Amino acid sequence: MEQVLSQFDDAAKRLEGLYHQVLESMEQWRKQHKILIDLSREVVTQMSCDGTGAPASLVPAVPAGPGPARERERIDSDATQPACDDAAEDADEDYDADPVEVEISKKVLAEDMPDQPSIGSEEHTQPAENTQASQARLLLPENRDRLGKRFAHYQMHVLCQKISEYDAAGFDLGRTVEELKADIFADLERIPDTEWASSSRENVRPTAETKSLQKTLGLVTHAHYRGIPMPSKDTYHFRSLTRKILTLGQRLAENAGMDFTATSIQLNKDLRSKPHRDKNNKGPSLIVGLGTWKGGETFVQDEDGPDSYTLEEDIPHIGERGRVLRGRKHDIHQLRQFDGNKVHCTIAFEGRRYALVFYSIGRSYEQTPGLARVFLQKLGFPLPPADFAAPARPEFDQLAWSAVEGKAVEDQPGRHVPPCGRLQPPSAPEPPNKRPRVEFTEKDDQALKRLKEDKASRPNWMVVASKFDGRFSVDELKTRWDIIRER
């Protein structure tokens with residue numbers, strides 16, 4: 001009997017050890033996630049400028065497209081990389097998320113993520129016992145498809161009936177290409193500069209300017225959505241304009257004999273982009289201009305090209321002022337194809353110049369929620385195939401059509417909408433066999449202080465509690481920490 005108890009005790013200790021290892025691994029993953037985000041921001045800031053005005057994401061493994069700037073990469077000696085004007089750079093890492101998008105993500109992340117019940121189930125009604133524990137579960141790879149589904153549905157619920165007063169009117173599919181161009185140009189001209197102004201893609205816009213005139217339609221990625229690709233707010237606000245532009249892109253590509261796939265569209269108004277590279281585009285990008293301008297070719301670096309471009313300022317990872325780049329100038333009065341991952345920029349121009357860039361994001365694209373994909377396809381986006389983590393379910397069709405038509409889309413049933421502030425576990429009667437209260441010793445106080453003041457690891461309360469071998473609950477440790485800080 002004693003041998004059995006001894007074996008049981010050993011097994012319990014091993015299980016406890018594994019539990020602590022899991023907690024440590026979760027915390028380590030969180031720290032690495034934060035490090036990657038910070039590193040991405042730092043590198044993108046030092047990277048070459050992107051001229052398309054496409055958004056950029058703040059999260060690791062986030063895709064970007066020609067419109068947004070993508071990531072970081074050595075460019076100095078890489079002459080084989082063309083450069084294109086309005087392509088995008090690290091689309092997500094530099095994407096300036098709209099306050100509405102931030103609020104949507106915050107509300108979803110504040111909800112409970114139960115371990116068993118799926119969204120919409122009757123059991124999904126109780127708040128999580130611990131908010132931080134719930135958040136940790138949300139960020140686990142196996143939960144990202146569920147998190148993406150919640151992002152997509154709640155975003156659709158919030159934005160489905162919000163259409164900009166400057167969105168384009170409906171159009172006749174029988175319009176010719178030239179008529180479509182004229183219609184879209186008139187639609188873009190109706191949008192005031194205050195609607196265009198964006199602080200995204202600092203490394204692309206002209207030096208000393210704090211904003212540029214740009215929009216991104218289709219998929220974007222940013223930290224608030226935890227790197228999960230989602231339709232931008234402007235995709236909802238300008239649904240009719242998006243459909244028109246996609247129709248034009250499809251027609252132009254067919255006439256030019258080019259393949260047409262895209263997850264996103266970067267729109268730039270009168271933007272002379274500095275030399276830059278798109279770091280996370282997948283496949284070729286397409287660009288076409290609308291307006292009445294002179295000059296404004298897209299210069300793409302190519303050592304065998306017949307043209308040259310002299311750098312007008314020092315640009316990290318591209319060259320110093322005065323360096324001459326060889327390449328090719330592309331007149332975007334016609335649809336042009338280019339590799340957005342190569343160095344590119346816009347030649348000086350006069351007049352009104354709109355640049356429409358069609359591109360596909362790379363990293364994280366396979367994590368795009370099924371509902372978001374169906375919505376974009378209903379708008380006309382020719383999404384490239386991928387091994388998606390989440391399926392596109394049949395029930396998404398009706399929801400997506402409702403959103404395209406501006407009809408209301410109900411929120412998911414059973415969602416837990418948290419109150420303001422930290423979620424608290426539901427009150428429950430004290431169990432009769434509650435363990436006796438354990439007093440904190442001076443050694444305990446010192447250990448707690450050391451853990452909480454560790455700026456490098458910043459352990460969460462679950463990890464802190466595990467360091468005390470379960471002698472104190474998370475609430476007891478929080479209370480004690482408040483006392484220590486008040487001393």
Side-chain angles (χ1 to χ4, degrees), residues 51-55 66-68 84-88 96 98 162-201 204-206 209-218 231-253 262 264-273 286-298 330-336 346-359 379-381 406:
T52 70
C84 170
D85 152 353
D86 301 75
D96 188 16
D98 185 89
K162 298 183 184 297
I163 300 175
S164 172
E165 60 181 302
Y166 305 109
D167 191 16
F171 68 103
D172 182 1
L173 288 174
R175 306 281 280 175
T176 66
V177 167
E178 293 305 315
E179 288 173 335
L180 264 178
K181 284 184 175 181
D183 287 349
I184 294 172
F185 177 77
D187 293 333
L188 296 175
E189 286 284 87
R190 289 181 56 245
I191 304 174
D193 285 356
T194 52
E195 279 281 320
W196 284 94
S198 171
S199 59
S200 292
R201 308 181 69 238
V204 171
R205 62 177 180 259
E209 292 188 10
T210 58
K211 292 188 177 181
S212 58
L213 305 181
Q214 57 177 291
K215 285 187 177 295
T216 303
L217 308 174
S232 69
K233 186 198 73 171
D234 278 336
T235 310
Y236 280 92
H237 282 197
F238 293 90
R239 273 163 272 192
S240 183
L241 176 62
T242 300
R243 298 178 78 178
K244 272 190 179 181
I245 292 175
L246 287 168
T247 300
L248 174 63
Q250 180 68 54
R251 300 263 188 89
L252 291 173
S264 313
I265 306 169
Q266 182 65 31
L267 305 179
N268 297 324
K269 178 180 180 180
D270 295 341
L271 174 63
R272 186 188 176 193
S273 64
L286 300 177
I287 182 173
V288 67
L290 298 178
T292 53
W293 76 94
K294 294 181 179 179
E297 297 92 347
T298 289
H330 300 281
D331 181 1
I332 66 168
H333 284 86
Q334 303 296 323
L335 185 69
R336 303 293 181 182
T346 307
I347 303 300
F349 62 90
E350 294 180 355
R352 174 71 79 229
R353 179 183 182 274
Y354 290 100
L356 285 56
V357 184
F358 303 89
Y359 66 96
L379 286 175
F381 276 94

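Values in this document were obtained by computation on a predicted structure and should not be read as measured data.
Applying the side-chain contact (heavy atoms from CB on, under 4.5 Å) criterion to R175, with sequence neighbours excluded, gives D172, E179, L180, D183. Residues satisfying the ring-ring contact (aromatic ring centres under 6.0 Å, His included) criterion with F185, sequence neighbours excluded, are Y354. Residues passing the side-chain hydrogen bond (donor to acceptor under 3.5 Å, both in side chains) test with T242: none are found, sequence neighbours excluded. Shown here are the salt bridge (charged side-chain N to carboxylate O under 4.0 Å, His left out) partners of D270, two or more places apart in sequence or in another chain: R352. Residues that satisfy the ring-ring contact (aromatic ring centres under 6.0 Å, His included) test with Y236, not counting sequence neighbours, are F375. When the side-chain hydrogen bond (donor to acceptor under 3.5 Å, both in side chains) test is applied to D187, the partners found at least two apart in sequence or on another chain are K244. Take E178 and apply the side-chain contact (heavy atoms from CB on, under 4.5 Å) test, not counting sequence neighbours, and it matches T176, K181.
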(message) Please evaluate residues R239 and I163 with respect to the criterion side chain to side chain contact (heavy atoms under 4.5 Å, CB included), reporting the C-alpha separation (whole Å), side-chain torsions for both, the decisive distance (0.1 Å), and the verdict.
(response) CA-CA 8 Å; R239 273 163 272 192; I163 300 175; 3.1 Å; yes

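Residues S198 and R205 share a closest heavy-atom pair of O-NH1, 4.5 Å. For the residue pair S212 and L271, the shortest heavy atom distance occurs at CB-CD1, 3.9 Å. Of all the heavy atoms in T235 and G218, the pair that sits closest is OG1-N, 2.7 Å. Here the shortest heavy-atom pairing between T216 and Q266 reads OG1-OE1, 2.7 Å. Residues A197 and K211 come closest through the heavy atom pair CB-CD, 4.1 Å. Across D193 and K269, no two heavy atoms sit closer than the pair OD1-NZ, 2.7 Å.
Looking at S240, its side chain does come within 3.5 Å of a backbone N or O of A168 through a donor-acceptor pair.
In the displayed structure, E350 atom CD is contacted under 6.0 Å by at most 12 heavy atoms of other residues, nucleotides or ligands. Shown here is E189, whose CD atom has more than 12 heavy atoms of other residues, nucleotides or ligands within 6.0 Å.
When side chains are defined from C-beta on, L290 counts as touching L356, because their heavy atoms get closer than 4.5 Å. Between I245 and L267, some side-chain heavy-atom pair lies under the 4.5 Å cut-off. At a threshold of 4.5 Å between non-hydrogen side-chain atoms, the residues W293 and I332 count as touching.
The only member of D234, L241, I265 that meets side-chain contact (heavy atoms from CB on, under 4.5 Å) when paired with K215 is D234.
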